[in-house]
Amino acid sequence: MSTVLVRAVIGLVCLAWPGATAQVPNPPTKYGVVLFPAFEMLDVFGPLEVLSWAARLHEKLDLYLLAESLDPVTTQPQSAAMNTFNSSFFPTVNPTHTFDDSPELNVLIVPGGLGTRNPNMDRTLQFISSTYPKVQYLITVCTGSALVAQTGILDGRRATTNKASWDSVIVNGPNTTWVQEARWVVDGNIWTSSGISAGIDATLAFVAELYGKENATVISEYMEYEWHEDSDWDPYAEIWGVV
């Protein structure tokens, strides 16, 4: 048997074998993702790629895509100034539920993107605010922390965000302890991650903590993704002049 095939078999065993148990009793199984116009694509689909592997090979997980209505949600910038060439390179995503008929959730994921600066985000903010007390965990990616900060949920908490948008985000949380150098930050049941791809690292760490380190490792290998396991690894803080 080839080395590659052996590694694949070992990986499947690691994920599916009953010995690869979750790290915590009754780990979360129901995930909801907040969608709004001009959300950042990788903020959503990076974490979902990680979780989809866990859903296929280790744990029954349910996914709910949540928006104000069931209309397709575009990733296109809402301002012409943010789409200088009038490009059409922006796919849409179909929600599964509205904020009004959201199922029971264990985890709420809030992405970032240009859409966090949209006007009239009140309904989205209300949903985040009312849903947080009901979930086990809240995860933000990139500037998604700006939305959560506006609700007051991050008051008295440690959090981080995209370093390229640092100044415009932290003003939303004057009572938050913003961590300048961090790939992601965990404070209680809130996980906040840095810019865009950091959501993948944070989600792998989340899987490691709740479903087992061996599962997160094999998932990263299947994805051929170089997982930065150190939450303090953050060269972008210096690149963007945050530190």
Side-chain angles (χ1 to χ4, degrees), residues 32-50 65-96 98-99 108-128 139-151 154 159-174 176 178-184 192-203 223-226 228 233-243:
V33 180
V34 174
L35 300 179
F36 46 84
F39 69 86
E40 173 59 47
M41 288 182 279
L42 193 61
D43 286 5
V44 170
F45 292 105
L48 292 190
E49 174 69 18
V50 173
L65 302 175
L66 309 159
E68 286 193 39
S69 75
L70 290 178
D71 294 337
V73 181
T74 182
T75 56
Q76 181 172 332
Q78 300 297 284
S79 165
M82 295 181 178
N83 186 13
T84 307
F85 302 106
N86 195 29
S87 298
S88 60
F89 214 87
F90 306 103
T92 59
V93 175
N94 293 324
T96 61
T98 70
F99 293 152
L108 183 65
I109 300 174
V110 181
L114 295 175
T116 58
R117 304 169 189 173
N118 292 340
N120 304 319
M121 293 288 282
D122 290 350
R123 185 67 190 92
T124 300
L125 295 174
Q126 290 168 3
F127 176 74
I128 294 170
I139 300 173
T140 73
V141 184
C142 193
T143 54
S145 55
L147 295 178
V148 176
Q150 289 178 57
T151 68
L154 294 183
T160 196
T161 191
N162 188 330
K163 305 314 181 300
S165 301
W166 182 260
D167 291 339
S168 65
V169 171
I170 66 172
V171 295
N172 294 287
T176 301
W178 294 99
V179 182
Q180 295 173 311
E181 286 187 279
R183 189 67 170 165
W184 72 89
T192 57
S193 57
S194 187
I196 309 182
S197 66
I200 300 174
D201 290 327
T203 306
M223 292 172 59
E224 296 194 14
Y225 178 77
E226 186 177 356
H228 297 286
W233 179 86
D234 186 9
Y236 302 102
E238 182 175 355
I239 288 171
W240 290 107
V242 174
V243 293

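Contact record, V242 with K163: CG2-O, 3.6 Å, taken as the closest heavy-atom pair. Pairing each heavy atom of F39 with each of T75, the nearest pair is CZ-CG2, 3.5 Å. Residue A237 comes nearest to E181 through the heavy atom pair CB-CG, 3.7 Å, listed as atom of the first residue, atom of the second, then distance. Nearest approach of P111 to F36, heavy atoms of both residues: O-CZ, 3.5 Å. For V110 against L147, the heavy-atom pair with the smallest separation is CG1-CD1, 4.1 Å. The minimum heavy-atom distance linking P174 with V171 is given by the pair CD-O, 3.7 Å.
Side-chain N or O atoms of T176 include one that pairs as donor or acceptor with a backbone N or O of L154 at under 3.5 Å. Although no hydrogens or angles enter the test, the distance criterion places a donor-acceptor pair under 3.5 Å between the side chain of D234 and the main chain of A182. The closest donor-acceptor contact from the side chain of T96 to the backbone of L65 lies under 3.5 Å. Checking side-chain atoms of E226 against main-chain N and O of E224 turns up no donor-acceptor pair under 3.5 Å. Judged purely by atom type and a 3.5 angstrom limit, T98 has no side-chain atom pairing as donor or acceptor with the backbone of L70. Panel note: side chain T74, backbone Q76; a donor-acceptor pair is recorded below 3.5 Å. N172 contributes no side-chain N or O that, together with a main-chain N or O of A149, makes up a donor-acceptor pair within less than 3.5 Å.
For the residue pair D201 and Y225, a side-chain donor N or O sits within less than 3.5 Å of a side-chain acceptor on the partner.
Each of S194, S168, S145, S193 was evaluated against T161; a single residue qualifies, S145, per the side-chain hydrogen bond (donor to acceptor under 3.5 Å, both in side chains) test.
By the 30° and 60° cut-offs, the orientation of the rings of W178 relative to W166 is perpendicular.
When the shell of 6.0 Å around CH2 of W233 is examined, it contains more than 12 heavy atoms from other residues, nucleotides or ligands. Counted within 6.0 Å of CD on E238, heavy atoms from surrounding residues, nucleotides or ligands total 12 or fewer; the atom is thus considered open.
For the pair L35 and V44, the minimum side-chain heavy-atom distance is below 4.5 Å.
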Could you walk me through whether I200 and E49 pass the side-chain contact (heavy atoms from CB on, under 4.5 Å) check? CA-CA 8 Å; I200 300 174; E49 174 69 18; over 6 Å; no

Run the side-chain contact (heavy atoms from CB on, under 4.5 Å) check on W184 and I139 step by step: do they pass? CA-CA 10 Å; W184 72 89; I139 300 173; over 6 Å; no

